[in-house]
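Encoded as structure tokens, the structure appears first; notes follow it.
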Amino acid sequence: MELTQHYDPKASEEKWQSFWEEQGIYRFNPKDTEKEIYSIDTPPPTVSGKMHLGHAFSYTQADIIARFQRMLGKNVFFPFGTDDNGIPTERLVEQLKNVRANRMERQEFIALCLDTLDNELRPKYLQDWKRIGMSCDWSIVYSTIDEHSRRISQRSFIDLFNKGRTYRKQAPVIWDPVLQTALSQVELKDEEKESTFSNIAFKTSDGEDVIIATTRPELLCACVAVFAHPDDARYQMLIGKELRVPVYHFSVKVLADKRVDPDKGTGIVMCCTFGDQTDIEWYKAFNLDLKVALTKDGRMTAIAGKYHGMAVNEARTHIIADMQESGELIKQERIVHTVNVGERSGAEIEILETKQWFISYLDLKDDMLKWGKALNWYPEHMKVRYEHWVKGLSWDWLISRQRCFGVPFPVWYCKDCDAPILAKEDDLPVDPLTSKPPIKKCEACGCSEFIPEQDVLDTWATSSLTPQIATELMKGTPAYDKLYPMSLRPQAHDIITFWLFNTVVKSQLHHGINPWRDVVISGHAQDPHRKKMSKSKGNVVEPQGMIAEYSADALRFWAAGSRLGDDLPFQEKDMVTGKKFITKLWNASKFSFMHLKGYTPEQPEELEAIDKWIISKANGLIKGCTYSMQQYEYARTRLDVEAFFWHLFCDQYLEIVKDRLYNPGERGENAKASAQFALFYTLNAILKLIAPVMPHITEELYQAYFKEWELAPSIHNAAWPSGGPQDEEAELLGDFAVRVVHEVRKAKAQSNKSMKDPVRSLKLKGRFAGILFDKIKDDLAAATKADTISFEEIDEGSEQQWDCVVEV
RNA sequence: GGGCCCGUAGUCUAACGGCUAUGACGACACCCUUACAAGGUGUAGGUUGCCAGUUCGAAUCUGGUCGGGCCCACCA
């Protein structure tokens, strides 16, 4: 088939995307138990409306691997999921629909979230992923809020409960007063905020002032102790004594602890339950009292006296004014400090003691390290991040959230004795708010009234189960038993410490094995100046626009340019590089197909030396690319194919062989047939090697010509090239020819001549026999337009390797 | 403050401790060559962030330092 003058990427890409889906090119075959299965657990992206460039970068890399494994003949299990439960989705729906979850009926809000996801967000979102050419099996999709995921998530909770790994306890936790829920550390972010350091006077029993600096004077009512460093000479005499708290005039003890930094503030600090995380540590270590200063929505409680009911900031302003008046405020200083805020609400977090569910796992650190070692990390060094995280773990995993859009806890409590009653596995998924517990009477106390759990599970409690969620979609099929553990987890390096880690922990706790065999960690897409892309900086690039302008293949070509785990700055000019590569592929194929018209691919008895040369080079390329792809080094493959195709194949080989293809009358039919074979073999290999990176253009070219001989319905189901032996003699002769052509081109360029101008004479020397030179002589003459060519063999003893004298 | 990674022509990038440090974009000159001017050929452009050290030999190994990224800790 002849190719048109120009390639239209937009039309072509959309055409093949529909083709792939209609023909089921990427279908996993659950009935096939013969072929090796390759299963991929991509972390489902959070539904946020649009795919961003970081997604395009990281998921393209995963897709390249999937396509390579498929071409190796494996049965590739590559489902697609979306992470759409929990706080992020609640916030998104609140914004889109201009509603507030806590001002609506709970069931009504849940219904609104589900409806918005199903009918607006998810379908549009999935479209973006299809548009970059993800080769997922789009008939195997899941959402972390669908019934299937809810069942698995609740089953996980019940299993961990039965294994004694979950517990419910009243404990100080990180609290978001705006969202009114407990949060975990990973849901926080740092923010620089202006604040005031207030130096306030506590009094000793002798009436002396002890000045303590604080940014949170409104918490004075919850002060339970004062701490000083045991070695701090200034305060040593105070240790063990009592101090009177300003405003409230109750007394607290001065205690010694090394956590105090003598250089900060006045070097002596008040402990309130709770102002910050250190307060929790002191509370636990010194068995201090609990004084609750704040309500769940961030207002002062009754112990705050005249400030009762005020919001934190309001109370702070008032108490500072009051202390100023009473003389208890000594000094004020404006400072800028970093505070933790909720990542979704932006609210400054508080610490409140509330009843929450936890998973206990701190006793498993040694095992966690073993589990991490058992994974194959690509690149290897990413394992270190996992290990450091494990070694630094100091809190159990808080899994309850006081929100409504999430997977419900499958739990009720006995009204009398508070004993938890769990749902039966067969009944899952359940919502305790709308269904009844599986028993009539509490086994412990006989009570027959039950209170449903209102909380929902942390979103990570569900997203850490994606290997189970994905593979169990295949339950009941012959392939099911071979899917777990999965072959590969591809993801970026920022989520090693929670998503990857949590998933390993869950798989180990449930099944005693790791969830995957290999872990491939990609880097981040950065802005042109290597800075992080963020909405607030205004440096975000939208992949949709790039695809529209330069094509998905061009974007993928860019994404394949980073070494494993490395960050890659995005520059629009790199889109041009990909686009040009596509054009070059199109044109070289156009040329090749033209000369392959009517050709039946079969190896001629004797190949021309130059043809042997390009085939040998192609075999070297295939060998190298196969190795690098097996090591997940797709960038290496991209680079090698790019260089081979453009320089060796187009600039050298095609130019040299042109004459034989155009003029079989003069050069002989055999010489043409030899070139045709090499052309067929090499271009076919090039297209296949780059197909994982650029699936659309390669499909277009495959369908236009190679399909007739390869038979596979798509290049993406065709066999990865197996290559063949390399030919030392052919490489020697071909490399020599290329060097000579280069010298001739240089001579012509320097005398401002056209490349088609004739060369008067060409005097060559080389370290091989003249009989070998004869094998490339005609091709050299044609490529250089040389009238006469002479060749002389260089003696063994000479230093000289080769020589070329050109007369233009 | 801690951990891991990265730093190579104006920009992006390659390089088992060993040839004159690779290729692309951009620049310049030439060439409309029956696939491609979105092309070809050639030229210029480098103290491989900086400072030490190991080595016959360092972009590559070691230590330090500066800059960037991610994660963590601290944030009275």
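Chain letters run A, B, ... following the sequence lines, proteins first and then strands; every chain starts at 1. Please read these numbers as outputs of a predicted model, since none were measured by experiment.
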Please tabulate the protein-to-nucleotide N/O contacts below 3.5 Å involving nucleotides 9-14 of chain B, giving atom names and distances.
from: B:U11; atom 1: O2'; to: A:Gln571; atom 2: OE1; distance (Å): 2.9
from: B:U11; atom 1: O2'; to: A:Gln571; atom 2: NE2; distance (Å): 2.4
from: B:U11; atom 1: O2; to: A:Lys573; atom 2: NZ; distance (Å): 3.0
from: B:C12; atom 1: O4'; to: A:Gln571; atom 2: NE2; distance (Å): 3.2
from: B:U13; atom 1: OP2; to: A:Arg530; atom 2: NH2; distance (Å): 2.5

Dump every N/O contact between nucleotides 27-31 of chain B and the protein below 3.5 Å, one line per pair.
from: B:C31; atom 1: O2'; to: A:Ser754; atom 2: OG; distance (Å): 3.4

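Across all strands shown, A:Ser592 has no heavy atoms under 4.0 Å from either base or sugar-phosphate atoms. A:Thr497 comes within contact range of the sugar-phosphate backbone alone, with a heavy-atom separation under 4.0 Å but no base atom that close. A:Ala588 comes within 4.0 angstrom of a base, heavy atoms only. Residue contacts shown for A:Val260 include a base, since a base heavy atom lies under 4.0 Å away. The residue A:Asp757 sits apart from the nucleic acid: no heavy atom pair falls under 4.0 Å. Here A:Lys590 lies in heavy-atom contact (under 4.0 Å) with sugar-phosphate atoms only. Residue A:Cys272 is classed as having no contact, given no heavy-atom separation below 4.0 Å to the nucleic acid. Using a 4.0 Å heavy-atom distance criterion, A:Met382 is classed as making no nucleic acid contact. Residue-level contact check: A:His6 touches neither bases nor backbone, having no heavy atom under 4.0 Å from any strand. Counting any heavy atom pair closer than 4.0 Å across all strands shown, A:Trp586 reaches no nucleic acid atom. Here A:Lys264 lies in heavy-atom contact (under 4.0 Å) with a base.
Take the nearest nucleotide of RNA chain B for A:Asn587 and for A:Arg745: the residue whose nucleotide is more 5' is A:Asn587. Of the residues near RNA chain B, A:Glu655 and A:Glu642, the one whose nearest nucleotide (by heavy atom distance) lies more toward the 5' end is A:Glu642.
Of the inter-residue distances, the one linking A:Ile351 atom CD1 with A:Thr273 atom OG1 reads 10.5 Å to the nearest 0.5 angstrom. Within the model, atoms CD of A:Glu350 and CG of A:Asp176 stand 10.0 Å from one another, a figure rounded to the nearest 0.5 Å.
Taking the ring centroids of A:Tyr386 and A:Trp377, they lie under the 6.0 Å cut-off. When ring centroids are compared, A:Phe570 and A:Phe57 stay outside the 6.0 Å threshold.
Per the geometry, CG belonging to A:Asp276 stands 14 Å off P belonging to B:A73, to the nearest Å. Rounded to whole Å, the distance from CZ on A:Phe645 to P on B:G23 is 18 Å. A:Trp646 has its CH2 atom 12 Å from the P atom of B:A38, to the nearest Å. Distance, A:Asp263 CG to B:C75 P: 14 Å, rounded to whole Å. Summarising the geometry, the separation between CE on A:Met533 and P on B:G68 is reported as 18 Å, rounded to the nearest angstrom. Here B:A24 presents its C1' atom at 13 Å from CG of A:Asp651, a figure rounded to the nearest Å. Rounded to an integer number of Å, the gap from CG of A:Asn663 to P of B:U33 is 17 Å. Taking atom NE2 of A:His647 as the reference point, atom C1' of B:U22 lies 10 Å away to the nearest angstrom.
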| Test log, rule side chain to side chain donor-acceptor pair (under 3.5 Å), inputs A:Arg334 and A:Thr196 | CA-CA 5 Å; A:Arg334 299 293 292 170; A:Thr196 306; 2.6 Å; yes
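One N or O on the side chain of A:Thr266 and one on the backbone of A:Ile211 form a donor-acceptor pair closer than 3.5 Å. A:Gln750 places no side-chain N or O within donor-acceptor distance of the main-chain N or O of A:Ala747, the cut-off being under 3.5 Å. Although no hydrogens or angles enter the test, the distance criterion places no donor-acceptor pair under 3.5 Å between the side chain of A:His529 and the main chain of A:Lys531. Side-chain atoms of A:Asn587 come within 3.5 Å of backbone atoms of A:Thr583 as a donor-acceptor pair (strictly under, hydrogens ignored). Side-chain N or O atoms of A:Ser198 include none that pairs as donor or acceptor with a backbone N or O of A:Ile200 at under 3.5 Å.
Near RNA chain B, meaning a heavy atom under 4.0 Å away, the residues from residues 184-199 of chain A are A:Gln185, A:Asp190, A:Phe197. Residues of residues 383-394 of chain A that place a heavy atom closer than 4.0 Å to RNA chain B, in numerical order, are A:Val384, A:Arg385, A:His388, A:Trp389.
Between the side chains of A:Thr637 and A:Ser628, at least one donor-acceptor pair of N or O atoms lies under 3.5 Å.
Checked against salt bridge (Lys or Arg N to Asp or Glu O under 4.0 Å), A:Arg638 has the following partners two or more places apart in sequence or in another chain: A:Glu642. A:Tyr681 is linked by a ring pair (Phe, Tyr, Trp, His ring centres under 6.0 Å) to nothing, counting only residues two or more places apart in sequence or in another chain.
The side chain to side chain contact (heavy atoms under 4.5 Å, CB included) with A:Leu780 is formed by just one residue from the set A:Val740, A:Val744, A:Leu762; it is A:Val740.
Salt-bridge formation is detected for the pair A:Glu218/A:Arg216: a Lys NZ or Arg NE/NH1/NH2 atom is positioned less than 4.0 Å from an Asp or Glu carboxylate oxygen. A salt bridge links A:Lys617 with A:Asp735: at least one charged nitrogen is closer than 4.0 Å to a carboxylate oxygen.
Taking the side chain of A:Gln5 as heavy atoms from C-beta on, and the options B:C75, B:C36, B:A38, the nearest nucleotide is B:C36.
Atom C1' of B:C70 sits at a distance of 46 Å from the matching atom of B:A29, rounded to the whole Å. Spacing between B:U55 and B:G63 at atom C1', rounded to whole Å, works out to 16 Å.
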